[in-house]
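Reading through the structure tokens given below for one structure.
Side chains are part of it too, since the values below use all heavy atoms of this structure and drop only hydrogens, waters and symmetry mates.
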Amino acid sequence: MIRQTANLITGSRIAAALLLLFATPLTGAFYALYLWCGVSDMVDGTIARRTHSESRIGERLDSAADALFLAVCVIRLAPEIRFPVWMWVWISLITVGKAVPLLWCAVRGKPQPVPHTILNKITGFLIFLIPLVMRTVPVIVPASIAAASATAAAIQDAVVLGTRHKEG
């Protein structure tokens, strides 16, 4: 059972993300589910490594849980956030910049996972903080900081994936 703990935690993140679809944004229930998704994302990998129960299935489950959580957050929070057009353009460029190297590797027959770099982890944390602070500071401030970090992470991802591709 202990070897499945990390996957069970990841599974609970999937359930919590789905429940977020029905929670009113920026309410107590929303924040409770949101925080669980964040905490569970931080601890599942740590538990898997400490119990030596890392697995390909666990890695894919974690990536699926992350993607679902992100998608649900966009669906639920985008109507609550008022960004200027330039910020939406920046976010779009970051998205393209993150996707192109992954697609390039896949087209070349060597699909790669998103690099788990420190910069990507910092960016994820900064993005995670936005809903938690958007009632106290103008949302454009934490969003700009997160976007700057995401831009740097996208560049780093391209370099890492380009290096992996040349080595493989």
If we only count heavy atoms from C-beta on, is the Val137 to Pro142 side-chain gap below 4.5 Å?
yes
Only residue of Asn120, Leu119, Ile94 satisfying side chain to side chain contact (heavy atoms under 4.5 Å, CB included) with Ser149 is Leu119
Of all heavy-atom pairs linking Ile81 and Met134, the shortest is CG1-CE, 3.8 Å
Shortest non-hydrogen separation from Ala23 to Arg76 and the atoms involved:
O-NH2, 2.8 Å
Check: Leu129 and Leu132 side chains under 4.5 Å, non-hydrogen atoms:
yes
Roughly how far apart are Glu80 CD and Thr24 OG1, rounded to 0.5 Å?
9.0 Å
Phe125 atom CZ, over 12 foreign heavy atoms within 6.0 Å:
no
Take Val43 and Ile9 through the test side chain to side chain contact (heavy atoms under 4.5 Å, CB included) and record every step on the way to the result.
CA-CA 8 Å; Val43 301; Ile9 291 170; 4.1 Å; yes
Would you check if the side chain of Tyr31 reaches a backbone N or O of Pro25 as a donor-acceptor pair within less than 3.5 Å?
no
Between Phe83 and Ile127, is there shared hydrophobic-cluster membership here, with clusters defined by ILVMFWY side-chain heavy atoms closer than 4.5 Å?
no
Report whether Leu26 and Val72 are members of the same hydrophobic cluster (ILVMFWY, side-chain heavy atoms less than 4.5 Å apart, transitive linking).
yes
Linking I/L/V/M/F/W/Y whenever their side-chain heavy atoms sit closer than 4.5 Å, directly or via other members, would Ile155 and Leu161 fall into one cluster?
no
So, taking the atom named OG1 in Thr10 and the one named CG in Leu61, what distance separates them when rounded to the nearest 0.5 Å?
5.0 Å
Assess the residue pair Glu54 and Arg49 against the criterion (side chain to side chain contact (heavy atoms under 4.5 Å, CB included)); give the C-alpha distance rounded to whole Å, side-chain angles, the decisive distance to 0.1 Å, and a yes or no.
CA-CA 6 Å; Glu54 306 103 317; Arg49 284 185 294 281; 3.4 Å; yes
Heavy-atom side-chain proximity of Phe30 to Leu77 below 4.5 angstrom:
yes
I'd like to check Asp44 versus Arg13 (side-chain heavy atoms, cut-off strictly below 4.5 Å). Are they in contact?
yes
Pair Phe128, Asp41 - check side chain to side chain contact (heavy atoms under 4.5 Å, CB included), show working.
CA-CA 11 Å; Phe128 179 76; Asp41 189 30; over 6 Å; no
Could you go through the side chain to side chain contact (heavy atoms under 4.5 Å, CB included) check for Phe69 and Ile14 one step at a time?
CA-CA 7 Å; Phe69 178 52; Ile14 291 170; over 6 Å; no
Members sharing Val85's hydrophobic cluster, built from side-chain contacts under 4.5 Å between Ile, Leu, Val, Met, Phe, Trp and Tyr, are Val89, Leu93
Flag side-chain contact, heavy atom, 4.5 Å: Ile140 against Pro84:
yes
For the residue pair Leu70 and Asp66, establish whether any side-chain heavy-atom pair is separated by less than 4.5 Å.
no
Of all the heavy-atom pairs spanning Ile130 and Ala143, show the shortest one and how long it is.
CD1-CA, 3.8 Å
Do Leu18 and Tyr34 sit in the same hydrophobic cluster, where Ile, Leu, Val, Met, Phe, Trp and Tyr count as joined when their side-chain heavy atoms come under 4.5 Å apart?
yes
